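Here the structure comes first, spelled out in structure tokens, and everything after it is commentary.
Quick note on labels: first sequence line is chain A, next is B, and so on, each numbered from 1. On a predicted model such as this, the values are computed, not experimentally measured, just so you know.
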2 protein chains.
Amino acid sequence: MREDTRTRIQEIALRLFTEQGYEATSLREIAEELGVTKAALYYHFKTKEDIVASLAELRVADLEELLAWVRTQPKTPETRRELVQRYADKLVQPRYREVTRFMERNQTALRDHPKIHRMREVMLELTAQLHEPSDTLATRISRSMALFTLHAAKWMAQDESLTEEEITKASLEVALRFMEP
Amino acid sequence: MREDTRTRIQEIALRLFTEQGYEATSLREIAEELGVTKAALYYHFKTKEDIVASLAELRVADLEELLAWVRTQPKTPETRRELVQRYADKLVQPRYREVTRFMERNQTALRDHPKIHRMREVMLELTAQLHEPSDTLATRISRSMALFTLHAAKWMAQDESLTEEEITKASLEVALRFMEP
DNA sequence: GTCTATAAGAAGATAGAC
DNA sequence: GTCTATCTTCTTATAGAC
């Protein structure tokens with residue numbers, strides 16, 4: 001069954017925004033790939049920013065769910081490792097990863113979008129769950145780098161003949177190592 | 001003594017490109033801040049891309065120097081730690097850091113610029129110096145995250161009342177910890 | 001080196017027909 | 001839901017005077 005037009009706009013926009021950049025991608029291009037005119041897009045999304053907001057929503061909802069979960073848990077090393085594990089699980093879902101990639105690559109262009117701002121907040125709250133006030137600065141940096149590692153490890157794929165699975169597995173191993181006191 | 005116009009264009013462009021994004025910053029804005037007309041910019045730089053190339057040049061030269069140095073050294077743990085240390089030293093120089101920040105934030109918009117491409121190459125070669133073929137994948141990821149940590153630690157400054165010096169010192173400590181086997 | 005003036009085009013967005 | 005046609009505004013870039 002054919003997806004609805006709204007979803008297809010999201011898919012095409014996400015791909016083009018990521019490949020070419022947000023500002024560099026015009027509504028004309030999106031419309032052409034979809035096989036309609038620019039004006040048709042305006043029936044589904046009021047503005048270009050609305051398309052971004054709808055994409056950000058896909059990720060924010062996931063992150064807020066994760067944050068809500070961790071707040072029900074006791075603040076133990078066990079919980080922190082489990083949070084890293086769950087974050088890694090989110091990150092292997094293609095849709096989540098694509099949206100994340102789009103946002104990483106267009107930080108500046110997106111800086112004024114309210115939904116993007118909300119997402120940054122949630123990410124900061126999530127990393128804050130990884131340490132306690134009594135931890136040293138070095139420990140806090142190390143813990144934050146655990147989440148970063150899950151994101152950044154895909155760089156490794158460039159010059160190596162490794163499968164995605166090997167990289168995912170190894171970067172989780174490294175991330176958990178960074179969580180050690 | 002007043003700097004020359006070319007240098008002032010570079011400074012203003014670098015700031016606006018970083019704050020607002022590369023595509024979102026027009027030559028008109030740069031000219032207005034400089035107090036001249038758009039046309040005057042074209043005397044100093046043939047195109048907008050030329051301004052970017054001149055900015056990238058500032059960083060590429062530094063990185064190539066670092067790469068040239070490390071290639072004269074024996075491939076020992078000692079050399080690798082020294083490379084991390086030297087990279088950290090580069091990163092505290094304001095001009096280098098500003099250009100780096102600009103590039104991090106505008107990855108997609110800059111993807112087709114040849115100078116940017118060269119910079120990515122040099123960065124990859126630098127990280128390749130941090131490990132040997134016999135190292136496990138986890139070790140290689142961990143070592144690459146050492147350089148990443150030096151970049152990313154500035155995120156820590158957001159919600160804390162820490163001095164830049166404390167953060168720099170602690171992130172170097174973490175980076176060197178990540179270099180351990 | 002900097003100016004005015006202008007070209008040539010693409011962008012986001014809207015009105016109204018079908 | 002999608003179209004054609006159009007508006008307005010902005011962009012990069014150039015020609016030629018001073």
Integer-rounded Å distance: [N] [atom2] and [X] [atom1]:
{"X": "B:E49", "N": "D:dT11", "atom1": "CD", "atom2": "C1'", "value": "15 Å"}
{"X": "B:H44", "N": "D:dA13", "atom1": "NE2", "atom2": "P", "value": "16 Å"}
{"X": "B:K46", "N": "D:dA13", "atom1": "NZ", "atom2": "C1'", "value": "12 Å"}
{"X": "B:E23", "N": "C:dA10", "atom1": "CD", "atom2": "C1'", "value": "13 Å"}
{"X": "B:K38", "N": "D:dT9", "atom1": "NZ", "atom2": "C1'", "value": "12 Å"}
{"X": "B:F45", "N": "D:dT12", "atom1": "CZ", "atom2": "C1'", "value": "16 Å"}
{"X": "B:E32", "N": "C:dC3", "atom1": "CD", "atom2": "P", "value": "12 Å"}
{"X": "A:K48", "N": "C:dA13", "atom1": "NZ", "atom2": "C1'", "value": "13 Å"}

message: If you apply the rule side-chain contact (heavy atoms from CB on, under 4.5 Å), what do you find for B:V70 with B:L67, and how did you get there?
response: CA-CA 5 Å; B:V70 76; B:L67 188 60; 4.2 Å; yes
- request: Could you tell me whether A:K48 sits above the aromatic face of A:Y22, with NZ or CZ closer than 6.0 angstrom to the six-membered ring centre and within 45 degrees of the axis?
  value: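 The answer is yes, since A:K48 meets both limits relative to A:Y22.
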Counting only side-chain N and O atoms of [X], is one of them less than 4.0 Å from OP1 or OP2 of [N]?
{"X": "A:R28", "N": "C:dG12", "result": "no"}
{"X": "B:T37", "N": "C:dT2", "result": "no"}
{"X": "B:Y43", "N": "C:dT2", "result": "no"}

query: Contact class for A:S26 vs. all strands (heavy atom < 4.0 Å): base, sugar-phosphate, or nothing?
result: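 Touches sugar-phosphate only.
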When you get a sec, tell me which of [options] is the closest nucleotide to the side chain of [X]?
{"X": "B:Y42", "options": "D:dT12, C:dA13, C:dG1", "result": "D:dT12"}
{"X": "B:A40", "options": "C:dC3, D:dC3, D:dC10", "result": "C:dC3"}
{"X": "B:A39", "options": "D:dA15, C:dT2, D:dT12", "result": "D:dA15"}

- request: For the residue pair A:Y87 and A:H151, categorise the inter-ring angle as parallel (less than 30°), tilted (30 to 60°) or perpendicular (more than 60°).
  value: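 The rings of A:Y87 and A:H151 sit tilted, inter-plane angle from 30° to 60°.
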query: So, B:T108 and A:Q20: side-chain donor and acceptor under 3.5 Å apart, yes or no?
result: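 No - no donor-acceptor pair under 3.5 Å links their side chains.
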task: Output yes when a side-chain donor or acceptor of A:S171 lies under 3.5 Å from a complementary backbone atom of A:L150, and no otherwise.
output: no
